[in-house]
Amino acid sequence: MSMIEFELDGQKVEAPAGSMVIAAAEAAGTYIPHFCYHKKLTVAANCRMCLVDIEKMPKPMPACATAIAPGMIVRTKSDKAIKAQQSVMEFLLINHPLDCPICDQGGECQLQDLAVGYGGSSSRYEEEKRVVSNKDVGPLVSMEEMSRCIHCTRCVRFGQEVAGVMELGMIHRGEHSEITTMIKDNGSESIDSELSGNMIDICPVGALTSKPFRYSARTWELSRRKSVSPHDSTGANLIVQVKNNKVMRIVPLENEAVNECWIADRDRYSYEALNGTDRLTTPMIKQGGEWKDVDWQTALEYVANGMKQIAADHGASSIGTLASPHSTVEELFLASQLMRGVGSDNIDYRLRSADFNNTSVANVRWLGTSIASLSNMQRVLVVGSNLRKDHPLFAQRIRQAVRKGAQVSQINESNRDWAMNVTNSIIAPSSDWTASLMDTRLQQWLGSPAVATGRKVILLGNAAAHHANASQLLALAQQLAAATGAVVGYLTEAANTVGAQLVGAMPATTGLNASQMLASQSNGLKAALLLGCEPAFDSAAGQAGVVALSKMQMVVSMSAFKANLDCADVLLPIAPFTETSGTFVNAEGRAQSFHAVVKPFGEARPAWKVLRVLGNMLGVADFDFDSSQEVLAAANLDSSKLSNAATTTVTAPQVTTGKPCTASIYELDGLVRRAPALQLTADARSCDNLEIAA
């Protein structure tokens, strides 16, 4: 990329050709005040706050809409520039309400910050200020104070360009202009995008605020701590904001390679469940059909003695563990070591799977490429995924690629609205997907190997991973990839699906898989440890699995919530991701560790500590760990195992019965299921997730 030299405030600087003055200045370390400009959005140039003095130009120019040129002389701090910026600020403040003391944005408001430097100490405006009516746009985003809006249109452009849905727009003209919702085909005027919370982050004033967080804390009262999302496989980086040992708000931590500067709404609002009434605060044992609170020593001795007795009576193979793929690497590693330490190979995280030959410790299924590369793909084939709802941030990346000219194709059971142009579709029952992947049109859609080499990908979604013929689907995808020069990848369902495979949280040889452990006869299983999962919601067996568990001699539920009450005998309160340290491995194989941001709630304890103590009580060798970092080191994550190599070949279509087990956007895990605001959204109320006519 060619570079252009120009002068900025008396210094010679270089920037890529085509750069706007504001971006070039920012790269050189010079801040130019602005409101409407955002590096991830197109240029609107409507706030005029970024006016700068450019030599040989008769009037101040907007830095966001003026491209640099060789020899250009730019002054950002001259009298001409400062006076222009002060004039713009005076106009912006004319109608702005004087409610900073009660505004949620107070303390982190761009307008507030810049008014100190560019605003006057008094106003010449004596007329009445404009007032904009309140709007109810749903349970997540508040538009109660739209009189604060300065019409930067960031929210409008975000909807169009990033979320893919124009849910906000501007109506009227002049002082009557206002941002409001667009009426949808179904008559709704709410904001329903799964990325809607990002509008709050990019609003430079307090016009858009978080409805669940509203009036609950001041920004300067909050401490800020880094974390990682425990939901889908993006591994979005978070800043968790805490007051008095309570999580009050979650916002994105910018990481260009992973989530850029965005997070999904379930990453942002699921924290409500952490402070809910359903939290399990103390160990409990069921006695005579009633739950009794006990101390940790009593509960752990009850579990250890019960497991020893069952192993003595029925053999170690009568004990098993069902683990959530939303658990940390450390928790899954210790759970697998615990099972094998007592002589059992019965452990599995693949609760929703139907084909258990599709994964192994040797071949760890992953995205097949980097997350960032999705933004620059030229051909994408998605198989068995409601992409927009299953993986909102991956969909956002692919939406970027479509804006650059990429072609997206799909094989799915139904045609859903992904808020992007899908060029080609095969809509067929899941039982016919193997035949669909042998369709000769797919090679035309992806192009020959010489076209867009390295920029074509076949993505297998949750429904493909959980399909009864998952192995055949992978083999066919690999055959198609070989013919077209594409790469094959799994979107992977949960925050730690890849990590669960890396630490071997599945049967190695003779152990029972999740389906066998949850079968009506349970295949001889007498005791089960449930790590962070609720089989009624998280497994393909559903309620039938709960019935099978209830017939066992002992079921131990390790959860942050009062879960599995119908089948468990012991409840052990474990810490959610905000109250424990740990590691998640995202879809691209990136291991991201995090620390606890608050102390455990009540008597809850980090699950890795509970598992370590259980291991010690059961006499498991080499089970003395003093920190989660020691556990991670022992787990020895080996990224060389990442492989989507097929283990079978397919020459004829395979027909199956039964639909793959998948979770809708706000049913994925226990946190989102218990977040009140998320459960009030249109997506939670309607599980068809915007299905449209095929």
Side-chain angles (χ1 to χ4, degrees), residues 230-233 319-329 331-332 335-336 339 344-361 364-365 384 390 460-468 470 490-507 511-520 522-523 525 527-550 552 555-561 563-564 566-568 574 584-585 607 658-673:
H231 304 302
D232 64 33
S233 58
I319 302 172
T321 294
L322 294 163
S324 167
H326 300 275
S327 303
T328 66
V329 163
E331 293 162 2
L332 291 164
S336 61
M339 283 297 99
S344 173
D345 193 31
N346 305 328
I347 180 170
D348 208 348
Y349 76 93
R350 300 166 297 178
L351 306 180
R352 293 190 173 100
S353 293
D355 181 354
F356 295 91
N357 297 316
N358 190 45
T359 50
S360 68
V361 177
V364 174
R365 305 310 187 194
D390 292 347
L460 300 172
N462 297 346
H466 301 156
H467 197 278
Y490 279 94
L491 292 168
T492 70
E493 178 184 38
N496 208 23
T497 300
V498 175
Q501 297 173 78
L502 286 172
V503 300
M506 65 184 87
L512 301 176
N513 61 43
S515 179
Q516 292 167 334
M517 285 189 269
L518 289 169
S520 58
S522 301
N523 293 280
L525 208 66
L529 178 65
L530 308 179
L531 176 59
C533 67
E534 299 172 70
F537 307 104
D538 296 329
S539 74
Q543 197 59 40
V546 176
V547 173
L549 289 168
S550 65
M552 296 183 187
V555 175
V556 182
S557 174
M558 296 177 61
S559 174
F561 303 101
N564 304 308
D566 294 340
C567 60
I574 60 172
F584 292 135
V585 183
K659 289 187 176 183
C661 176
T662 58
S664 64
I665 184 170
Y666 298 135
E667 294 178 346
L668 184 63
D669 57 70
L671 277 173
V672 296
R673 287 195 293 265

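Reckoned from all heavy atoms, side chains included, excluding hydrogens, waters and symmetry mates. From a predicted model like this one, the values you see are computed outputs, not experimental measurements.
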Using side-chain heavy atoms (C-beta onward) and a distance below 4.5 Å, is [X] in contact with [Y]?
{"X": "Leu518", "Y": "Leu322", "value": "yes"}
{"X": "Leu671", "Y": "Pro230", "value": "yes"}
{"X": "His466", "Y": "Thr662", "value": "yes"}
{"X": "Val672", "Y": "Glu667", "value": "no"}
{"X": "Glu331", "Y": "Val503", "value": "no"}
{"X": "Asp390", "Y": "Asp232", "value": "no"}

Rounded to the nearest 0.5 Å, how far does [atom2] of [Y] lie from [atom1] of [X]?
{"X": "Asn462", "Y": "Leu491", "atom1": "CG", "atom2": "CG", "value": "7.0 Å"}
{"X": "Tyr349", "Y": "Leu332", "atom1": "OH", "atom2": "CG", "value": "10.0 Å"}
{"X": "Ser324", "Y": "Leu530", "atom1": "OG", "atom2": "CG", "value": "11.0 Å"}
{"X": "Asp566", "Y": "Leu549", "atom1": "CG", "atom2": "CG", "value": "10.5 Å"}
{"X": "Ile665", "Y": "Leu668", "atom1": "CD1", "atom2": "CG", "value": "9.0 Å"}
{"X": "Gln543", "Y": "Cys567", "atom1": "CD", "atom2": "SG", "value": "8.5 Å"}

Stepwise side chain to side chain contact (heavy atoms under 4.5 Å, CB included) check, Leu531 with Ile574:
CA-CA 9 Å; Leu531 176 59; Ile574 60 172; 4.3 Å; yes

Is it the case that the side chains of Ser233 and Thr492 hold a donor-acceptor pair, with the cut-off being a distance below 3.5 Å and no angle test?
yes

For the residue pair Asp669 and His231, confirm or rule out a side-chain donor-acceptor distance under 3.5 Å.
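Indeed, the side chains of Asp669 and His231 share at least one donor-acceptor pair under 3.5 Å.
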
Examine distances only and state if a side-chain atom of [X] and a backbone atom of [Y] form a donor-acceptor pair shorter than 3.5 Å.
{"X": "His467", "Y": "Pro660", "result": "no"}
{"X": "Thr321", "Y": "Ala335", "result": "no"}
{"X": "His326", "Y": "Ala494", "result": "no"}
{"X": "Ser559", "Y": "Phe561", "result": "yes"}
{"X": "Ser353", "Y": "Phe356", "result": "no"}

One pair to check against side chain to side chain contact (heavy atoms under 4.5 Å, CB included): Val329 and Leu502. What are the steps and the verdict?
CA-CA 9 Å; Val329 163; Leu502 286 172; over 6 Å; no

Nearest heavy atoms of [X] and [Y], plus distance in Å:
{"X": "Ala468", "Y": "Asp355", "value": "O-CB, 3.5 Å"}
{"X": "Leu351", "Y": "Cys533", "value": "CD1-CB, 3.6 Å"}
{"X": "Gly504", "Y": "Ser336", "value": "O-CB, 3.9 Å"}
{"X": "Cys661", "Y": "Ala540", "value": "SG-CA, 3.7 Å"}

For Thr359, which of Arg350, Gln501, Arg365 qualifies under side chain to side chain donor-acceptor pair (under 3.5 Å)?
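Exactly one option meets the side chain to side chain donor-acceptor pair (under 3.5 Å) with Thr359, and it is Arg350.
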
side-chain contact (heavy atoms from CB on, under 4.5 Å) involving Gln516 - partner list, sequence neighbours excluded
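Checked Gln516 against side-chain contact (heavy atoms from CB on, under 4.5 Å); matches are Leu512, Asn513, Asn523.
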
Kindly write out the residues that satisfy side chain to side chain donor-acceptor pair (under 3.5 Å) with Asn346, not counting sequence neighbours, or none if the list is empty.
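For Asn346, the residues satisfying side chain to side chain donor-acceptor pair (under 3.5 Å) (neighbours in sequence not counted) are Ser344.
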
